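Computed from a predicted structure; not experimentally measured. Side chains included, hydrogens not; waters and symmetry mates left out as well; all remaining heavy atoms used.
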Amino acid sequence: MRARSQAVLALFVGAAAALLDQLASYVLVYPSQAHGGNMPIAVSAIVSGVIASVGIFLAFRVLRRKSEVVEVDRFLALLGVVLNVFFLLVIVGMAFPATILHPTD
């Protein structure tokens, strides 16, 4: 995969992970209530956090390349790291109350 395509992919991974986490939080309310706990919501938050971490890894890998990387690719990679860290914080911030509160609260 070329550096620019990898950096652009890393830009969207964190946003997709946050969207997946938010969607799963709403979809899994009734199964969590039937289960009697918050385990499905917590698992979806963990999976989304791992996906956002993969986005950080992809962008960081472009930043650390020594050859054939132009300044635009480095900028996109740096922007990808910042966005993925932001969305990882959003996922963690939304997962904390979702795992403490009852699913229907």
Legend entry - Pairs meeting criterion side-chain hydrogen bond (donor to acceptor under 3.5 Å, both in side chains) with involvement of residues 44-54, two or more places apart: none

Let me have the donor-acceptor pairs involving side chains of residues 74-85, under 3.5 Å, with sequence neighbours excluded, atom names and distances please.
{"unit_1": "Arg74", "atom_1": "NH1", "unit_2": "Leu63", "atom_2": "O", "d": "2.8"}
{"unit_1": "Arg74", "atom_1": "NH2", "unit_2": "Arg65", "atom_2": "O", "d": "3.2"}
{"unit_1": "Asn84", "atom_1": "OD1", "unit_2": "Gly14", "atom_2": "N", "d": "2.7"}
{"unit_1": "Asn84", "atom_1": "ND2", "unit_2": "Ala10", "atom_2": "O", "d": "2.8"}
{"unit_1": "Asn84", "atom_1": "ND2", "unit_2": "Gly55", "atom_2": "O", "d": "3.3"}
{"unit_1": "Asn84", "atom_1": "ND2", "unit_2": "Gly80", "atom_2": "O", "d": "2.8"}

Inset, instruction - Taking side chain to side chain contact (heavy atoms under 4.5 Å, CB included) as the test, write out the residues that go with Leu19, two or more places apart. - result: none

Inset, instruction - Tell me who clusters with Val27, hydrophobic residues only, linked when side chains sit under 4.5 Å apart either directly or through other members. - result: Leu23

Inset, instruction - Locate the shortest heavy-atom distance separating Leu28 from Pro40; write the atom from each residue and the value. - result: CD1-O, 3.5 Å

Inset, instruction - Using the salt bridge (Lys or Arg N to Asp or Glu O under 4.0 Å) rule, collect all pairs that involve residues 8-23, keeping only residues at least two apart or in two chains. - result: none

Legend entry - For Ser32 against Ile41, the heavy-atom pair lying closest together: OG-CG1, 3.4 Å

Inset, instruction - Could you state whether Ile91 and Val54 fall into the same hydrophobic cluster, counting links through intermediate Ile, Leu, Val, Met, Phe, Trp or Tyr residues with side-chain heavy atoms under 4.5 angstrom apart? - result: no

Inset, instruction - Only counting residues at least two apart or in another chain, list the ones meeting side chain to side chain contact (heavy atoms under 4.5 Å, CB included) with Leu9. - result: Met1, Val13, Leu58

Inset, instruction - Please identify each residue that fulfils side chain to side chain donor-acceptor pair (under 3.5 Å) with Arg4, with sequence neighbours left out. - result: Asp73

Inset, instruction - Among Ile, Leu, Val, Met, Phe, Trp and Tyr joined by side-chain contacts under 4.5 Å, find the other residues sharing a cluster with Ile100 and list them by chain and number. - result: Phe96

Inset, instruction - Could you pull out the closest heavy-atom pair between Ala18 and Phe87, with the gap in Å? - result: CB-CD2, 3.7 Å

Inset, instruction - Run through the side-chain heavy atoms of Ile, Leu, Val, Met, Phe, Trp and Tyr, join any pair under 4.5 Å, and report what else lands in Val92's cluster. - result: none

